[in-house]
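I have placed the structure first, in the form of structure tokens, so that the comments after it can refer back to it.
For ligands, and for the atoms within them, numbers begin at 1 and follow the listed sequence. FYI, the numbering just counts along the sequence from 1.
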Amino acid sequence: MIVYKFGGASVNSADAVRNMAGIISRCTTFPLMVVVSAMGKTTNALEQLIPGVCPTQLRQQRMAALRDYHCAIADELMAGDAALHDDLEALMEALDLATQAPATTYNDDYDSIVSYGELLSTTIISHYLRHCGMDNRWLDVRQLIFTDANHREGHVDWPATTVAVGDLRRQLPRLSVTQGFIAGAPDGTTTTLGREGSDYSAAILSYCLDAESMTIWKDVPGFLNADPKFFPDTIKIDSIPYNEAIELAYYGASVIHPKTVKPLKNKNIPLFIKSFLSPEDEGSAVGPYQGISPETPLYIVRHAQVLISISSKDFSFIAEHNLQTIFGIFSRIGVRINVMQNSALSFSVCIDHNEVLLKQLIEALQTDFHVRYNTGLQLITIRYYTQAIIDHIVAGRPVLLEQRSRNTEQVVVEG
Ligand code: ASP
Ligand code: MG
């Protein structure tokens, strides 16, 4: 059995869904499980419908835009299909009710609204595949992947998930369609796995089903050595070791979600990254390789970074005791450190810019420390660097922090 994952961009219009159906129709390995994200930018649109976020007078207008977008795709694919129409209406009605419920906590409300994106997309796609003669079963992933009740960033309950997917495995349909990103909490409510979490969903299912392979269909030809939005000449990497892919995702490579590779590596399941625009092309493979091929430098840029310098008020060394306090604060507020460096009297960290969290963090740190920070920075990571490459990338900008290991150079510069 194999798993295909299609992201939002691969199903953002009727034409895109037709293209996706074409890819599925050419698949020759079964059973095939298809994991799908919300269509296009639907998740962003749903975030604007959360009670407490959405001004009352804009609710109906935003609901209507969301409904029109999905109904237009459904009509273009299968005009007048009563069964699809009824299923979509039922989802729209439930969503409409959810958006009118009194606000509770942001995270709980988030999951109860935002999860509709994947329910809508998979409903349209499952009907359309059937319409094209590809019989399939629509699976509610909330009965398969279980998490704790940590809404908006659920932690997978592996034992419960393994049992549920194991039951399915005994009678796995030849073709099934299910949702990425969403999952079930112990109390029966819906949770989500964090933004862009559909890759992770597909990896969880691949792991529990002992898939032969997993393929992510993207709008890029594969795993590139840099983001084509910022680098003119990118090179496609043909093969990448699991560990390298995990490191790259950690540094911020956005092609795969950071949690995706680990479950696959644990069962030696190869991960293919292919273009839905040219599906016959080779793409990239992540697997048990020795090194990347072809050998080339890799660039990862994190934008909108903040560099915080923390020093003790009493000139005490920044050693174990102070570091423990500092890390405690970061962990309590939930801020991820992208790179860190310490000297005798000061400790510097680079983090993503989030106005709310930054304020909380600075306030908490100021109790015991002097704190300074710079915003508007870039954190550039170069794997397999040379000095010439670093000079070219830094391009004369002042370097605020630099860290170098045998394979990896990290610099923080002005954006
Ligand atoms: N639809 C979700 C998001 O946009 C999950 C995903 O696309 O992977 O974040
Ligand atoms: Mg997405």
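- For E89 and R67, the salt-bridge test passes: some basic side-chain N is under 4.0 Å from an acidic carboxylate O.
- Crowding of H353 atom NE2: a count of heavy atoms from other residues, nucleotides or ligands under 6.0 Å exceeding 12.
- With a 4.0 Å cut-off on non-hydrogen atoms, E118 touches ligand 1 through its side chain and not its backbone.
- Cation-pi check for R336 over Y250 is met; the charged atom lies under 6.0 angstrom from the ring centroid and within 45 degrees of its normal.
- Less than 6.0 angstrom separates the ring centroid of W158 from the ring centroid of Y207.
- Atoms of ligand 1 lying under 4.0 Å from at least one heavy atom of S37, given by number and element, are 6 (C), 7 (O), 8 (O).
- Numbered from 1 in the order shown, with element, the atoms of ligand 1 that lie under 4.0 Å from a heavy atom of T43 read 1 (N), 2 (C), 3 (C), 4 (O).
- Under a 4.0 Å heavy-atom criterion, G180 is not in contact with ligand 1.
- Of the candidates V114, D96, D109, I113, I113 is the only one forming a side-chain contact (heavy atoms from CB on, under 4.5 Å) with L49.
- Rounded to the nearest 0.5 Å, atoms OG1 (T260) and CD1 (I204) are 8.5 Å apart.
- In terms of polar-atom proximity, defined here as any N/O pair under 3.5 Å, K5 makes no such contact with ligand 1.
- Annotation for ligand 1: atoms under 4.0 Å from non-hydrogen atoms of R195 are 3 (C), 4 (O), 9 (O).
- Ligand 1 has no N or O atom lying under 3.5 Å from any N or O atom of D199, backbone or side chain.
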